[in-house]
Novice: 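Pasting a structure here, questions to come.
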Amino acid sequence: MTIEKFMSAAVKSAVKQLYGMDAADEQIQIQLTNKEFAGDYTLVVFPLLKISRKSPEATANEIGERLKSLHAEIKSYNAIKGFLNIKFTAEFWVQRLNAAVKNENFGLSHGKGKKLMIEYSSPNTNKPLHLGHIRNNLLGYAVANILEADGNDVVKVNLVNDRGVHICKSMLAWQKFGNGETPESSGKKGDHLVGEYYVRYDKEYKKQLAEIIATGIDENEAKSKVQIQLEVQEMLRKWEAQNPEIIALWKKMNSWVYDGFNKTYNDLGVSFDKIYYESQTYLLGKSLVYEGLKKGVFFRKDDGSVWVDLTTDGLDQKLLLRSDDTSVYITQDLGTAQQRVAEYNIDQMIYVVGNEQNYHFQVLKLILKKLGFDWANSIHHLSYGMVELPEGKMKSREGTVVDADDLIEEMISTAQKMSKQLGKLDKLNAEEENRVCRMVGLGALKYFILKVDPQKTMLFDPKESIDFNGNTGPFIQYTHARIKSVLHKANELQAQIPQTSACADINEKEISLIKLIDIFPETLASAAKEFSPSTIANYAYDIAKEYNQYYHEYQILREENEEIKLFRLMLSQKVADMIKKSMKLLGIDVPDRM
RNA sequence: GGUCCGGUAGCUCAGCUGGAUAGAGCAUCAGAUUUCUAAUCUGACGGUCAUAGGUUCGAAUCCUAUCCGGAUCACCA
């Protein structure tokens, strides 16, 4: 039971005894006591004044007195204005810690039985992943972990956009200019290789367009005459007609890209339970549109295209089927949503997609509701903001993309450089050194991105992210490694770290560490509710920082009182456990030594 | 123009189911080391929580309006 719940019940019965009335849940406000006041938890008594009909101070004092006499766990209380600060006994805190230590799965919930599906990553197969994808992947994976730890059954899916005119562009350019180049023959990573031809196409297109314009033809007219574009359109038609040669090329080049993506996913430590391919789902949803047409939810325009009118909902009209009866993006999303709900019987569907698609998901939910699906409300768009660079925005069309693989590489090598400089790698062998540098470099990147509220546009400064001080992944990793080192040394000295302790002589720093451990379950629950890895990230930092201060102040191994020493070791071990658990939720590994 | 999102210290960000004197880190300055791992710790400096109203015992937090920034409003995905 959480302390808040315990206090809430205690206050209720105290109020009942004192004033003969029941207090409603929303009248009981309990929070952690601010640092500048003496106490552990605080009851805000303002809402109870209506019941007590006394001044804030008098009410607080009366309730405090009553609580103290009823509960041995309460050591003291003080009332300041309308705030009743409660202080618990040392025994109480030790007991809380012991309960947490004994419970292997402390903080993790089991079997609320909600079935969730989360879709993230969703790459295009015509170019490599970039910084924006990194935020997407890290968010999706972390949120999936958090939801799972909160007791849900989570299915992670990836919907790969493997078809369309953009893919044909890479294919055509490769055909025309590639000379049969392959990842094997060139030594290039598959997705990068294909991405190069996508760029090559664009270059050729611009060249041809300029040539036509130079002959004096109007720009708009010229655009429809570019030879290479006509060829691409022809290729797309062939693809849709299942032309064997084109299909074979498509399969070959896509497989290169998948090899490349898998390496990047592997580096980032993300994974999926199921991968969907758009080439297999893009025809879905048409039947839903026909159904809606029959119900009169949609309408057909003179040219044959099908639309939905959302003007009464404050939005515009939205196209659902083209005049040639082919489906568009939203048509297929309607279809895949329905298919997934039917196939997996999911309670909630989460889409990790950039905030430039907020409108799309708003429309998607509306349409599904209009079609009469109750589950439309269970769709959640986990929207995230763009990642900007100090020099400007990073959008592919502006040509300043930061390639995911390059960035990962840079993070690892910077981690290595800095670690070497600090002499942190001296005691490690080559394999360990490699492992630690990877962990630190990637930890820096992941933590930097995940600590920010997803909704917000964030600034990614490579220099700052690789700073090993302050609120960073490496700082937290370091704290963990240092605790582990102390524990290791203790074991060498043959101190046995106890599973429980009767130590009653604890200090304020220790109480605040226990408090932090104690709120882990609530923190996790709230992070799950908000789909917010940043909550967990900041928790990990808080506890690491608190521990560092503690560590600095008390010499654990030199402590002469054996009982206190063992207690401190036990506490340290639990703190390390909390750090590791939190970081694991974020998909960040922590080293035992560095 | 419509819709959505954001605006908190010089910079990067927490805090937002309304609670006490708004918090961290970076940067700057001043300190701490016979290390249990200094990738650390202590202190100082730094704020009209975009602006103006409103709601109430109390507002960074809720409501309204305005300003600034971003996204979006394709027979693209």
Side-chain angles (χ1 to χ4, degrees), chain A residues 26 29 31 33-37 42 44-47 49 56 80-83 85 122 124 161 163-166 278 282 301 303-307 311 313-324 326-330 332-333 354-363 383 385-386 388 390 393 415 418-419 421-424 427 440 448 451-453 455-461 463-465 467-472 474-475 477-479 481-490 493 526 529 534-535 537-538 541-542 545 548-559 572 593-594:
Chain A
E26 57 274 16
Q29 286 183 36
Q31 56 197 246
T33 302
N34 283 14
K35 277 200 183 115
E36 58 265 38
F37 299 96
T42 295
V44 183
V45 299
F46 289 109
L49 298 184
I80 299 170
K81 291 194 250 174
F83 300 92
N85 303 317
S122 316
N124 288 349
N161 182 2
R163 61 164 286 277
V165 71
H166 50 290
E278 212 182 284
Y282 79 106
K301 284 194 178 173
D303 62 2
S305 54
V306 178
W307 297 72
T311 48
D313 299 285
L315 304 174
D316 303 320
Q317 295 189 347
K318 182 83 188 169
L319 177 87
L320 298 175
L321 283 181
R322 297 192 185 96
S323 48
D324 63 4
T326 56
S327 58
V328 291
Y329 179 47
I330 196 150
Q332 84 170 265
D333 255 8
N355 62 9
E356 68 272 11
Q357 290 195 35
N358 285 356
Y359 180 73
H360 171 78
F361 281 97
Q362 206 183 341
V363 170
S383 164
M386 274 197 2
E388 289 179 352
K393 289 172 220 158
M418 300 190 70
S419 303
Q421 248 171 34
L422 291 160
K424 291 288 168 188
K427 290 178 199 155
V440 171
F448 191 89
K451 76 170 179 184
V452 182
D453 177 8
Q455 186 76 269
K456 289 186 176 170
T457 303
M458 69 171 290
L459 186 80
F460 180 78
D461 184 345
K463 265 185 248 151
E464 191 186 327
S465 78
D467 189 340
F468 290 75
N469 288 314
N471 187 356
T472 65
F475 168 71
Q477 290 172 318
Y478 172 68
T479 303
R482 184 204 249 164
I483 296 174
K484 281 291 183 187
S485 162
V486 170
L487 295 172
H488 181 73
K489 202 150 202 171
L493 300 172
S526 117
K529 205 170 144 203
S534 78
T535 303
N538 286 298
Y541 175 64
D542 283 347
K545 189 179 181 225
N548 266 303
Q549 292 169 3
Y550 174 66
Y551 172 88
H552 204 254
E553 199 168 330
Y554 299 96
Q555 306 268 310
I556 297 170
L557 291 177
R558 285 183 203 158
E559 174 59 51
S572 299
R593 48 185 301 212
M594 62 195 277

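Just so we're on the same page: letters track the sequence lines, and every chain starts at 1. Values reported hereafter were calculated over all heavy atoms of this structure, with side chains retained and with hydrogens, waters and symmetry mates removed.
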Novice: Please measure how far the P atom in B:G70 lies from the corresponding atom in B:A32, and state the result in whole Å.
Specialist: 48 Å

Novice: Between N or O atoms, less than 3.5 Å apart, protein on one side and nucleotides 62-67 of chain B on the other: list the pairs.
Specialist:
none

Novice: RNA chain B: stems of at least 3 consecutive Watson-Crick or G-U pairs, cut-off 3.5 Å?
Specialist: B:1-7 with B:67-73, B:10-13 with B:23-26, B:28-32 with B:40-44, B:50-54 with B:62-66

Novice: Would you classify A:Val44 as touching base, sugar-phosphate or nothing, given that sugar-phosphate means primed atoms plus P, OP1 and OP2, and contacts are heavy atoms under 4.0 Å?
Specialist: base

Novice: Roughly how far apart, to the nearest Å, are B:A24 and B:G6 at atom P?
Specialist: 25 Å

Novice: When you measure from the side chain of A:Met458, which nucleotide among B:A77, B:U3, B:C13 comes out closest?
Specialist: B:C13

Novice: Taking for each residue the nucleotide of RNA chain B with the nearest heavy atom, is it A:Gln549 or A:Phe460 whose nucleotide lies nearer the 5' end?
Specialist: A:Phe460

Novice: Looking at A:Trp307, does the NZ or CZ of A:Lys301 lie under 6.0 angstrom from its six-membered ring centre and within 45 degrees of the ring axis?
Specialist: yes

Novice: Suppose we screen for salt bridge (Lys or Arg N to Asp or Glu O under 4.0 Å). Which residues come up paired with A:Glu559, at least two apart in sequence or across chains?
Specialist: A:Arg568

Novice: Check the side chains of A:Ser534 and A:Asp453 for a donor-acceptor pair under 3.5 angstrom, ignoring hydrogens and angles.
Specialist: no

Novice: NA contact type, A:Asp453, heavy-atom cut-off 4.0 Å: base, sugar-phosphate, or nothing?
Specialist: sugar-phosphate

Novice: When you compare the ring of A:Phe46 with the six-membered ring of B:G19's base, are the centres less than 5.5 Å apart and the planes under 30° from each other?
Specialist: yes

Novice: What does A:Met594 touch in the nucleic acid at a heavy-atom separation under 4.0 angstrom: a base, only the sugar-phosphate, or nothing?
Specialist: base

Novice: Between B:G69 and B:U8, how far is it from one P atom to the other, in whole Å?
Specialist: 14 Å

Novice: Find every protein N or O atom lying less than 3.5 Å from an N or O atom of nucleotides 20-29 of chain B, and list the pairs.
Specialist:
residue : atom : partner  : partner atom : Å
B:A20   : N6   : A:Thr42  : OG1          : 2.9
B:A20   : N6   : A:Asn85  : OD1          : 3.0
B:A20   : N1   : A:Asn85  : OD1          : 3.2
B:A20   : N1   : A:Asn85  : ND2          : 3.4
B:A24   : O3'  : A:Lys545 : NZ           : 3.4
B:A24   : O2'  : A:Tyr541 : OH           : 3.2
B:G25   : OP1  : A:Lys545 : NZ           : 3.3
B:G25   : O2'  : A:Asn471 : N            : 3.4

Novice: If I pick the P atom on B:C4 and the same atom on B:C63, what distance separates them, to the nearest angstrom?
Specialist: 12 Å

Novice: What residues form a salt bridge (Lys or Arg N to Asp or Glu O under 4.0 Å) with A:Arg163, not counting sequence neighbours?
Specialist: A:Glu240, A:Glu278

Novice: Pick the P atom in B:U72 and in B:U66, then give their distance to the nearest Å.
Specialist: 23 Å

Novice: Determine the Euclidean distance between corresponding P atoms of B:C16 and B:C62; express it in Å to zero decimal places.
Specialist: 10 Å

Novice: When the C1' atoms of B:U17 and B:U21 are considered, how many whole Å apart are they?
Specialist: 24 Å

Novice: Check every strand shown and say whether A:Ser419 touches a base, only sugar-phosphate, or nothing at a heavy-atom separation below 4.0 Å.
Specialist: base

Novice: Restricting both atoms to N or O, compile the protein contacts to nucleotides 6-8 of chain B shorter than 3.5 Å, with distance only.
Specialist:
residue : atom : partner  : partner atom : Å
B:G7    : OP1  : A:Lys456 : NZ           : 3.2

Novice: Output the single nucleotide from B:U72, B:U3, B:A39 whose closest atom is nearest the side chain of A:Lys424.
Specialist: B:A39

